[in-house]
Number of protein chains: 2
Amino acid sequence: MRLVIARCSVDYAGRLSAHLAEAVRLIMVKADGTFLIHAESSHRPLNWMTAPCSLVVVSTDEEPDVWTVTNKRGETLTITMLEVLHDSDHDLGVDPGLVKDGVEAQLQELLAAQVELLGEGWRLVRREYPTAIGPVDLLCKDVDGVSVAVEIKRRGEIDGVEQLTRYLELLNRDPLLAPVTGIFAAQEIKPQARTLAEDRGIRCVVLDYDVMRGVDDPDTRLF
Amino acid sequence: MRLVIARCSVDYAGRLSAHLAEAVRLIMVKADGTFLIHAESSHRPLNWMTAPCSLVVVSTDEEPDVWTVTNKRGETLTITMLEVLHDSDHDLGVDPGLVKDGVEAQLQELLAAQVELLGEGWRLVRREYPTAIGPVDLLCKDVDGVSVAVEIKRRGEIDGVEQLTRYLELLNRDPLLAPVTGIFAAQEIKPQARTLAEDRGIRCVVLDYDVMRGVDDPDTRLF
DNA sequence: CCGTAAATGTCGTCG
DNA sequence: CGACGACGTTTACGG
């Protein structure tokens, strides 16, 4: 990874046009070819170019160096290097990568294995039940054999209710399934989302990740 | 901006749990307090903490230094500094900021000036036509005087169809306007969005930015 | 490679 | 502070 601190101006031309006036910034060049330009504030880079892309440096006696980074879509990032204040290179090696815990995929997996949390005698028909506009997280049948579509979110917001509503509309057109009711299940459900869901006859269920994981985890099981 | 290259392990506990095994990484500490941890690939940091947040360093003779970064939501980023390979500080000053020349606003402007692209004899009632839940991009009348609400996007996805649907529902409650039909106009329309729109009786129109600009641009005009 | 949904999304603006 | 929409969203996953 190459780290350059330089007084520079930057232009991006691609999906939009953007210009950065002359100032001191960090230019990060990663081993995979990614370019990032950072200032002293904000989480996000001011400008960037994702790999794969190619760098052309134009260097003359009189003019400042100009770096032109181009990708396959024809987008360009042009960096005019007015003054280089620092330039160092570091070999970081390959990163073992991030291990995540608590994302939606795990919630779905856990709930699929414990649909009885939703109701006594319920059973899972399938995960990722397909519809014309995309898969429903879970399709279940309650104890009376009535179909229930379940949308699972980590954070339950209004978009998720809309998503489930679309699925329900489609599923209810299938005479073999109809009537299909809905459950909106999330670790946290925003009041506005709950209001909308209940207004549409969709039941809201708050999931306790630790409890669900505990039931599935032999180490913490009590019996 | 402080740049540290170090062999480290990292844990994040907050909206989810994430763990990074021991490896060499860049730790960037910005003047505003933002922390970013980068590896040799990917545009995005492996881990981060956005300002405002506070840093506590625990340093002992025997154990490696541990940096604990905490924000107001109680999320924590814990960096165990096993070996520091580089540590430098740079004063970048305040950045003049990014100047963007966007596309979306121009699309609305261009289509407003060329509503006849939507249909022969159509006319514009107004841009940003107000409703209780926000303004509709364009309100037009077709050649028969029937109202049409137009939602414009650069990329037409399902959210945009939902947005237009909500507007249409409200506009159709106004007896002076009803019936109001809808047009979903975008440079690119995703199949799923098109399916949903057409299912709801909303017409989809793909906009050609270059052609629309050409008509308006005296330099490229043919007559 | 395209399409779809998730994200510690982030970042504005507006109540 | 929360809701909502835009973003050069980026990223992961499946067909």
Side-chain angles (χ1 to χ4, degrees), chain A residues 11-18 34-37 41-51 53 71-77 97-98 100-108 128 130-137 151-155 157-160 162-163 166-167 186 190-193 195-196, chain B residues 10-19 34-37 41-51 53 69 71-77 98 100-105 107 132-135 137 151-155 157-160 162-164 166 188-196:
Chain A
D11 284 281
Y12 164 76
R15 279 168 276 184
L16 57 67
S17 299
T34 303
F35 286 74
L36 301 171
I37 297 168
S41 68
S42 171
H43 160 74
R44 290 178 25 148
L46 291 163
N47 263 321
W48 69 92
M49 190 70 85
T50 331
C53 54
N71 69 5
K72 286 174 182 170
R73 284 163 65 160
E75 300 170 340
T76 58
L77 187 66
L98 194 63
K100 288 185 184 182
D101 184 24
V103 291
E104 180 183 318
Q106 283 177 353
L107 282 178
Q108 189 194 115
E128 303 288 348
T131 78
I133 55 167
V136 183
D137 286 337
E151 179 62 37
I152 302 168
K153 294 287 178 198
R154 199 167 50 71
R155 289 164 59 184
E157 299 181 24
I158 239 169
D159 278 5
E162 296 288 10
Q163 194 180 344
R166 291 193 298 269
Y167 292 142
K190 294 288 175 77
Q192 201 182 9
T195 302
L196 181 65
Chain B
V10 186
D11 284 281
Y12 165 77
R15 280 165 277 185
L16 57 63
S17 300
H19 176 71
T34 303
F35 285 75
L36 301 170
I37 297 168
S41 69
S42 170
H43 161 74
R44 306 216 317 165
L46 291 164
N47 265 321
W48 69 91
M49 189 70 83
T50 328
C53 54
V69 186
N71 69 5
K72 287 175 183 170
R73 290 210 293 210
E75 299 171 343
T76 59
L77 187 66
L98 195 62
K100 286 184 182 179
D101 178 19
V103 175
E104 168 135 3
L107 277 179
I133 56 167
D137 286 337
E151 180 64 35
I152 302 169
K153 297 283 176 201
R154 195 174 60 73
R155 289 166 56 185
E157 299 182 25
I158 222 160
D159 282 2
E162 295 289 10
Q163 195 180 342
L164 177 54
R166 290 195 294 271
E188 177 199 353
I189 295 180
K190 295 291 175 75
Q192 190 189 32
R194 178 182 292 274
T195 302
L196 182 66

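None of the values given here were measured: they were computed from a predicted structure. Each chain gets a letter, A, B and so on, in the order the sequences are listed, and its residues count up from 1.
A:Arg166 and B:Glu162 are joined by a salt bridge, as a carboxylate oxygen and a charged side-chain nitrogen come within less than 4.0 angstrom of each other.
The distance from atom CD of B:Glu157 to atom P of C:dA5 is 10 Å, rounded to the nearest whole Å. Note: NE2 (B:His43) to P (D:dT10) measures 6 Å, nearest angstrom. Here the C1' atom of nucleotide D:dA3 and the CG atom of A:Leu196 are 13 Å apart, to the nearest Å. B:Asp159 has its CG atom 12 Å from the P atom of D:dC4, to the nearest Å. Straight-line distance from the CG atom of A:Leu107 to the P atom of C:dT8: 13 Å, rounded to whole Å. Here D:dC7 presents its P atom at 18 Å from CG of A:Leu46, a figure rounded to the nearest Å.
The phosphate of C:dT8 has neither OP1 nor OP2 within less than 4.0 Å of any side-chain N or O from B:Thr50. Under 4.0 angstrom from either OP1 or OP2 of C:dA6 there lies at least one side-chain N or O belonging to A:Gln163. When the side-chain nitrogen and oxygen atoms of B:Arg44 are compared with OP1 and OP2 of C:dA6, none of them lie within a distance under 4.0 Å. OP1 or OP2 of C:dT8 lies within a sub-4.0 Å distance of a side-chain N or O belonging to A:Lys100. Residue A:Tyr12 has no polar side-chain atom (N or O) positioned under 4.0 Å from OP1 or OP2 of D:dC7. Within the 4.0 Å cut-off from OP1 or OP2 of D:dG2, not a single side-chain nitrogen or oxygen of A:Arg155 is found. Put simply, A:Gln108 has no side-chain N or O that comes within less than 4.0 Å of OP1 or OP2 on C:dA6. Between B:Arg15 and C:dA6 there is no side-chain polar atom (N or O) within less than 4.0 angstrom of OP1 or OP2.
Residue B:Arg166 is in sugar-phosphate contact alone, with no base atom involved, counting any heavy-atom pair closer than 4.0 Å across all strands shown.
A donor-acceptor contact shorter than 3.5 Å links the side chain of A:Tyr167 to the backbone of A:Pro135.
Residues A:Gln108 and A:Glu128 have side chains that bring a donor and an acceptor to within less than 3.5 angstrom of each other.
Rounding to the nearest 0.5 angstrom, the gap separating the NZ atom in A:Lys153 from the CD atom in A:Gln163 is 4.0 Å.
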